[in-house]
Amino acid sequence: MNLKDLNALKAILSTPQKIVIVPHKNPDGDAIGSTLGLRHFLQNSGHKATIVSPNDYPKFLKWMPGNETILNFEKENYQSKDRIKEATVIFTLDFNHLGRIGQMQPILEESNATFVMVDHHQEPSDYASIMYSDVSMSSTCEMVYNLIEFLDGTSDINTEIANCLYTGIMTDTGSFKFASTTSRTHEVVADLIRKGAKNTQIHHNIYDSNRPSRLHLLSCALKNMVILEEYNTVYITLSQEELDTFNYQKGDTEGFVNYGLTLEGIRFAVIFIENKEEGILKISLRSVGDFSVNEFSRKHFQGGGHDNAAGGKSDDSIEETTAYFKSLLKNYKDQLTA
Ligand code: 5GP
Ligand code: MN
C-alpha cells in the first residue's frame, strides 16, 4: 500500500463509517478469514461493519468467530442490498475484479462508497480508489495483518482476529508449504499464535471434518485421473452424476487437484468439475515451478489467479473440454518438460 492510499484510509477511518466487506464468490478459507478478521478489527474500532458474501461457503469454515453475522447475498438479498446502499466504505477482499462476485457486481457498481481493495491476485482492475494489491503475499489474511499494523492496531489483535487470520494464512499456503510462504509469513503467524490463535484446533476444524462419502468421492476422482506423461501433466474429471452418487456438498472437492502434483515429475495438475445447475465446468489448475497457470487459465479458460494456483471455467461438456485441454498442451511442451 502506498503512503498516499494509507493516509487516505487512515483519514477516512478516523471517524465512524458504515462499512461493507465483500469476499469473492464461493469464498475459501482466506476470503472468509480475512473478511471476518477485518470486521472484528473495524467493529472494535467503532465502525459498523457487515460482511456480505456473494453466496454460501463450505461448512468447515462456519466455526469461525463472527460467522453468524455474515450475510449471504443470495439468501438475504434485501438486507444485503440495504447494507450496500448505505455503505460509506466498501472493502473488497481476496479478489481484484468485480466479475468475481457474480450477481453482486451491478449492485456494487451503483454504490458511491469509497472502495478499498486488499488482494494478492495478479492483474488488478481499477475499481478501487484505495488499493493494497501485492501478488507476493501468501494470503489476503497476511495483508489484513499488515493493514492493521499500518493502522497502528497490532495491539488490538485479539483472539478472535488471530483465529480468523491464522485460518486464511494456513489454507492459502497449503499449511505453510507453498512458495509464497516467507519468513515474514511465519513471523505474522507466530504473533497470531501469541495473540491466541489455536493452531492445532484450527487445523483440525478445517481438515478433519470428513464424511465417508467425501472420501469415496476422492476415490472416484483419483480413479478418473489421467496421466499425460509426455507433458508432465495430470487431469481429473468429476461429472455431476458422480458428484450426486457421492452426495456432494459444497467444499467436498477442495484440495483434490493437489493429489496430481504429488506424483514424481508432474508439474501441472487440473481438475474439471461439472456443475449442471450453472451449466459450466469449474476448473482448478495447479503447477509447480515456472509454468504459470494464471496465464494459461486467463488465455484458455476465462479465469486466472496466481502463478501456481488458478481457477477457470468452461461452457462445454467434459469430453469437449478435456479434448480441447489436451490439444493445448503441445503448445506448452517446452515449458512443461524443459
Ligand atoms: P480454486 O481453484 O481454488 O478455485 O482457485 C485457485 C486460485 O485462483 C484462488 O486464489 C482463486 O481465488 C483464484 N481464482 C479462481 N477462479 C478464478 C477466476 O475465475 N479468476 C481469477 N482471477 N482468479 C480465480
Ligand atoms: Mn487468497
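Counting starts at 1 for both ligands and their atoms, following the listed order.
Below 3.5 Å of separation, one finds no N or O of Arg298 facing any N or O of ligand 1. Considering backbone and side-chain N/O atoms, His121 comes within less than 3.5 Å of an N/O atom of ligand 1. In terms of N/O distances under 3.5 Å, ligand 1 is not approached by Asp94. Close N/O approach between His306 and ligand 1 is found [any backbone or side-chain N/O within under 3.5 Å]. Considering backbone and side-chain N/O atoms, Gly303 never comes within less than 3.5 Å of an N/O atom of ligand 1.
Atom 23 (N) of ligand 1 has its closest protein heavy atom at Gly304 O, 2.9 Å. Of the protein's heavy atoms, Ala309 O, 3.6 Å lies nearest to atom 7 (C) of ligand 1. The protein heavy-atom contact nearest to atom 16 (N) of ligand 1 is Gly311 CA, 3.3 Å. Here the protein heavy atom with the shortest distance to atom 11 (C) of ligand 1 is Arg100 NH2, 3.5 Å. Taking atom 2 (O) of ligand 1 as the reference point, the nearest protein heavy-atom neighbour is Ser284 OG, 2.6 Å.
Counted by atom type alone, Ser239 and Glu274 present zero donor-acceptor pairs between their side chains at under 3.5 Å. If you check the side chains of Asp172 and His120, you find a donor sitting under 3.5 Å from an acceptor. Inspection of the Ser138 and Glu142 side chains reveals an N or O donor paired with an N or O acceptor under 3.5 Å. No hydrogens or angles considered: a donor-acceptor pair under 3.5 Å links the side chains of Ser317 and Glu320. Between Asn163 and Gln201, the side chains place no donor N or O within less than 3.5 Å of an acceptor N or O (distance only, hydrogens not considered).
Note: His186 and Phe176 have tilted aromatic rings, judged against thresholds of 30 and 60 degrees for the angle between ring planes. A parallel orientation is assigned to the rings of His121 and His306, their planes being inclined by less than 30° (bins at 30° and 60°). Ring orientation note: the planes of Phe296 and Phe301 are tilted relative to one another, at an angle of 30° to 60°.
Within the 4.0 Å heavy-atom cutoff, Glu254 does not count among the residues contacting ligand 1. Remark: distances from the non-hydrogen atoms of Lys313 to ligand 1 are all 4.0 Å or more. Under a 4.0 Å heavy-atom criterion, Gln122 is not in contact with ligand 1.
Closest of all the heavy-atom pairs between Leu165 and Gly37 is CD2-CA, 4.1 Å.
No donor-acceptor distance shorter than 3.5 angstrom exists from the side chain of Asn294 to the backbone of Gly304, with no hydrogens or angles considered.
Residue Glu123 does not touch ligand 1, judged by heavy-atom distances below 4.0 Å.
The Mn ion (ligand 2) has Asp30 OD2, Asp94 OD1, His120 NE2, Asp172 OD2 as protein N, O or S atoms under 2.8 Å away.
Atom numbering of ligand 1 starts at 1 in the shown order; those under 4.0 Å from a heavy atom of Lys282 are 4 (O).
Applying the 6.0 Å contact sphere to NZ of Lys18 captures no more than 12 heavy atoms from other residues, nucleotides or ligands.
Across Tyr324, Phe256, Phe325, a single residue satisfies ring pair (Phe, Tyr, Trp, His ring centres under 6.0 Å) together with Phe272, and that is Phe325. For the side-chain contact (heavy atoms from CB on, under 4.5 Å) with Phe115, the qualifying choice from Val22, Val89, Leu108 is Leu108, the only one to do so.
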